[in-house]
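Residue numbers start at 1 and run along the sequence shown.
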Amino acid sequence: GDPAAGFWMTDAGSQAKADGGRTWLIKAVDGLVVQLVDAQTSPAVAMSTWLSSHEAPPSFTVDRECELKAADESRAVVRYTRHALDTEEVSQHIAMGKMPTRLALTWNDRVSFVLTEALQFKKIAFMESVFESAAASPSDGKDDNFDADVAIATGELRKLIPDLLDALGGQTVAG
């Protein structure tokens, strides 16, 4: 969590587990109000634009992983892994109605992740450069390194989330 920034993130494998964590937090902290973050532009629409235009939003780069899903009854799925996404083939799939449900992005060459259509972050990975200054600092043990790593990761996400929400047209709050 990052109370100062007003965000709480959970490392949950499913929405049900995330909801359970949210319920526990509300019960544990009297008077706490927790609302889901949403954006003005749906992630699927934004990801379609980024892929079709071959232009990522400021501070982001599109990586080499994507999933496109047809909205019709076929529910056809196309997955790209370790594949260039700035191709005519990807643009054609989008023009034919397939919407991105997952897209790999990197923010400021510091954090890579997969964004889902539900505004979830998957496969979050911090680049080595993010932790280099902490590794160079003397520490008394593993606990110090863990605490420093958590603080650094939180600091990176505290900056990444507003940039992503800006790329999605700004934040709205859903219940």
Side-chain angles (χ1 to χ4, degrees), residues 2 5-23 34-130 153-175:
D2 186 1
F7 287 110
W8 175 69
M9 294 181 73
T10 181
D11 184 11
S14 70
Q15 187 61 48
K17 288 183 180 182
D19 290 343
R22 183 169 76 152
T23 300
V34 178
Q35 296 175 311
L36 297 177
V37 172
D38 202 358
Q40 295 286 343
T41 303
S42 78
V45 169
M47 292 186 290
S48 289
T49 301
W50 303 336
L51 287 168
S52 297
S53 69
H54 309 295
E55 190 171 324
S59 303
F60 291 90
T61 55
V62 171
D63 293 338
R64 299 170 59 89
E65 180 179 339
C66 178
E67 179 181 274
L68 303 167
K69 191 176 286 186
D72 63 18
E73 65 280 351
S74 74
R75 301 298 290 160
V77 176
V78 177
R79 289 185 184 95
Y80 292 95
T81 305
R82 295 184 299 275
H83 192 284
L85 299 177
D86 59 349
T87 65
E88 185 59 31
E89 179 183 335
V90 172
S91 296
Q92 285 177 352
H93 280 299
I94 292 170
M96 291 170 48
K98 289 186 181 73
M99 294 295 288
T101 56
R102 301 167 63 93
L103 179 63
L105 299 164
T106 296
W107 172 77
N108 281 339
D109 294 324
R110 298 181 66 78
V111 183
S112 68
F113 60 99
V114 173
L115 178 65
T116 74
E117 63 186 331
L119 194 53
Q120 297 170 332
F121 291 71
K122 305 283 185 178
K123 299 182 181 181
I124 297 172
F126 298 91
M127 304 301 144
E128 286 183 29
S129 61
V130 170
T154 300
E156 293 298 313
L157 293 174
R158 172 187 271 189
K159 294 179 261 182
L160 183 160
I161 292 169
D163 280 359
L164 181 62
L165 289 172
D166 284 348
L168 296 172
Q171 178 180 340
T172 63
V173 181

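R110 contributes atom CZ, which lies 10.0 Å from atom CZ of F126 (distance to the nearest 0.5 angstrom). One distance of note links CE of M127 with CD of E156; it measures 10.5 Å at 0.5 Å rounding. Atoms OG and CD, on S42 and E117 in that order, are 8.5 Å from each other to the nearest 0.5 Å. Annotation: the span from D163 atom CG to S59 atom OG amounts to 4.5 Å, rounded to 0.5 Å. Here CG of L105 is found 4.5 Å from CZ of F113. Values are rounded to the nearest 0.5 Å. With rounding to the nearest 0.5 angstrom, the CH2 atom of W107 is 12.0 Å from the CD1 atom of I124.
In this structure a side-chain-to-backbone donor-acceptor pair under 3.5 Å is missing from T106 to D109. At distances below 3.5 Å, at least one donor-acceptor pair connects side-chain atoms of R75 with backbone N or O atoms of A70. Between the side chain of D63 and the main chain of E65, no donor-acceptor pair closer than 3.5 Å is present.
For the pair L164 and L115, the minimum side-chain heavy-atom distance is below 4.5 Å.
Among the candidates R102, K98, R79, the single residue satisfying the side-chain hydrogen bond (donor to acceptor under 3.5 Å, both in side chains) test with E67 is R79.
Closest of all the heavy-atom pairs between P43 and T116 is CB-O, 3.5 Å.
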